[in-house]
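Shown next, in structure tokens, is the structure this report addresses.
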Amino acid sequence: DTRAAVVYRPSWKDQKIVRSSLNGLAQAVKEAGISRQALILVGDFLNSKSKSVPSKLYDASFKHGYR
């Protein structure tokens, strides 16, 4: 029952997001025709209703030495 998602080509114009239970993920990805450039996310956080915090990774005010 664990939630999972596959994000195909994140941030590209042809981005696709497939959401499923972990048990059905392989079939859902196959049906979507995804075979490359995909990020796989698994966990209960996918059911969260809280707002996400945007990444500061490429923020101009990012001051740490490592990214």
Side-chain angles (χ1 to χ4, degrees):
D1 293 334
T2 303
R3 300 304 304 159
V6 171
V7 184
Y8 170 75
R9 291 187 162 181
S11 76
W12 292 35
K13 289 181 182 180
D14 58 345
Q15 171 180 300
K16 287 184 195 176
I17 300 175
V18 174
R19 295 175 184 260
S20 174
S21 67
L22 186 55
N23 189 41
L25 191 61
Q27 183 63 34
V29 168
K30 185 177 181 179
E31 289 172 2
I34 297 172
S35 62
R36 299 181 179 189
Q37 290 111 352
L39 209 83
I40 301 170
L41 306 165
V42 178
D44 291 333
F45 72 93
L46 293 168
N47 287 334
S48 175
K49 296 198 192 258
S50 65
K51 293 184 178 183
S52 63
V53 177
S55 172
K56 295 288 186 179
L57 185 58
Y58 299 108
D59 188 316
S61 65
F62 191 79
K63 302 291 183 201
H64 298 284
Y66 302 99
R67 294 183 184 257

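Heads up: numbering here begins at 1 and tracks the sequence. Quick note: numbers below take in every heavy atom, side chains included, and nothing from hydrogens, waters or symmetry partners.
In plain terms, the two heavy atoms of R9 and Q15 that are nearest each other are O-CB, 3.5 Å. R3 approaches R19 most closely through the heavy-atom pair NH2-C, 4.1 Å.
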Output side-chain donor-acceptor pairs under 3.5 Å for residues 25-47, partner residues at least two apart or in another chain, one line each.
from : atom 1 : to  : atom 2 : distance (Å)
Q27  : NE2    : E31 : OE2    : 3.0

